[in-house]
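Values in this document were obtained by computation on a predicted structure and should not be read as measured data.
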Amino acid sequence: HVQLVESGGKTVRAGGSLRLSCQASGYHHSAYCLAWFRQAPGKAREGVAAIARATGFTYYSDSAKGRFTVSQVNAVSTVYLQMNSLKPEDTAMYYCALKFSWLPNCDTQASLYNTWGQGTQVTVS
């Protein structure tokens with residue numbers, strides 16, 4: 001049973017930084033993508049960043065480029081999202097999601113991700 005648990009969300013001031021964590025368990029395979037999504041009230045879900053477990057390939061949305069960094073520590077099956085220069089428009093519930101993939105790169109097409117965490121709230125004031 002694959003489980004994803006996010007943590008690290010909180011309220012921060014604009015311009016500040018935050019690191020989110022996603023701990024994966026129960027998935028005994030090295031071929032997967034893990035992505036971060038976010039959803040603000042009344043808005044569509046947005047893919048923010050993704051990383052390929054096997055190759056370390058990373059993908060970022062335009063809104064995340066230059067400010068967010070996705071990284072992984074394979075030994076502990078944890079993926080991080082470092083967010084810098086936070087803006088009020090970054091306020092959202094952030095989710096991590098996983099999909100099996102042999103491909104060397106990853107994207108953030110939400111419909112292809114079949115395991116989701118419960119989310120962690122980020123508020124930028």
Side-chain angles (χ1 to χ4, degrees):
H1 176 65
V2 183
Q3 198 168 18
L4 302 176
V5 178
E6 304 97 331
S7 61
K10 63 179 181 180
T11 298
V12 296
R13 291 188 179 272
S17 298
L18 203 57
R19 190 179 78 162
L20 305 182
S21 301
C22 176
Q23 173 76 51
S25 62
Y27 190 81
H28 305 293
H29 210 294
S30 61
Y32 64 79
C33 292
L34 202 145
W36 286 96
F37 295 83
R38 67 185 183 186
Q39 188 164 22
K43 294 189 176 181
R45 181 171 48 192
E46 174 191 7
V48 175
I51 189 165
R53 164 65 171 82
T55 64
F57 172 90
T58 57
Y59 166 87
Y60 297 95
S61 67
D62 288 342
S63 61
K65 284 178 185 175
R67 299 189 300 129
F68 294 3
T69 303
V70 61
S71 61
Q72 61 186 354
V73 179
N74 293 334
V76 293
S77 299
T78 300
V79 172
Y80 302 99
L81 184 68
Q82 176 68 42
M83 305 187 292
N84 299 326
S85 302
L86 284 163
K87 306 173 182 179
E89 50 264 44
D90 294 318
T91 296
M93 184 71 80
Y94 283 71
Y95 301 88
C96 65
L98 182 149
K99 67 172 180 178
F100 172 82
S101 176
W102 281 112
L103 298 176
N105 52 6
C106 298
D107 58 20
T108 54
Q109 187 173 345
S111 61
L112 299 180
Y113 286 79
N114 49 25
T115 300
W116 292 77
Q118 82 291 348
T120 187
Q121 177 68 38
V122 173
T123 302
V124 184
S125 61

Side chain of [X], backbone of [Y]: donor and acceptor closer than 3.5 Å?
X: Thr91; Y: Val124; value: yes
X: Glu6; Y: Gly119; value: yes
X: Arg67; Y: Ser85; value: yes
X: Thr55; Y: Pro104; value: yes
X: Tyr113; Y: Cys96; value: no
X: Gln109; Y: Gly47; value: no

Looking at every heavy atom in both [X] and [Y], which two are closest together, and how far apart are they?
X: Thr69; Y: Tyr60; value: CA-OH, 3.4 Å
X: Asn105; Y: Cys33; value: O-SG, 3.8 Å
X: Phe100; Y: Ala31; value: CD1-O, 3.3 Å
X: Thr115; Y: Leu4; value: O-CD1, 3.4 Å
X: Phe37; Y: Thr108; value: CE2-O, 3.3 Å
X: Thr78; Y: Ser21; value: CG2-CB, 4.4 Å

Hydrophobic cluster membership, with links at side-chain heavy-atom distances under 4.5 Å among I/L/V/M/F/W/Y: are [X] and [Y] in one?
X: Val12; Y: Leu20; answer: yes
X: Val122; Y: Val48; answer: yes
X: Trp102; Y: Leu98; answer: yes
X: Tyr80; Y: Trp116; answer: no
X: Tyr94; Y: Val70; answer: yes

| task | Before giving the answer on side chain to side chain contact (heavy atoms under 4.5 Å, CB included), spell out for Ser61 and Arg38 the whole-Å C-alpha distance, their side-chain angles and the decisive distance to 0.1 Å. | result | CA-CA 11 Å; Ser61 67; Arg38 67 185 183 186; 5.9 Å; no
Nearest 0.5 Å please: distance from the [atom1] atom of [X] over to the [atom2] atom of [Y].
X: Ser101; Y: Leu34; atom1: OG; atom2: CG; answer: 12.0 Å
X: Arg45; Y: Met93; atom1: CZ; atom2: CE; answer: 13.0 Å
X: Ile51; Y: Cys22; atom1: CD1; atom2: SG; answer: 11.5 Å
X: Met83; Y: Arg19; atom1: CE; atom2: CZ; answer: 11.5 Å
X: Asn84; Y: Leu18; atom1: CG; atom2: CG; answer: 9.5 Å

| message | Run the ring-ring contact (aromatic ring centres under 6.0 Å, His included) test on Trp36 and Phe68 for me, step by step, so that the C-alpha distance in whole Å, both residues' side-chain angles and the decisive distance to 0.1 Å come before the verdict. | response | CA-CA 11 Å; Trp36 286 96; Phe68 294 3; 10.0 Å; no
| Do NZ/NE/NH1/NH2 and the carboxylate oxygens of Lys87 and Asp90 come within less than 4.0 Å? |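 No, this pair does not count.
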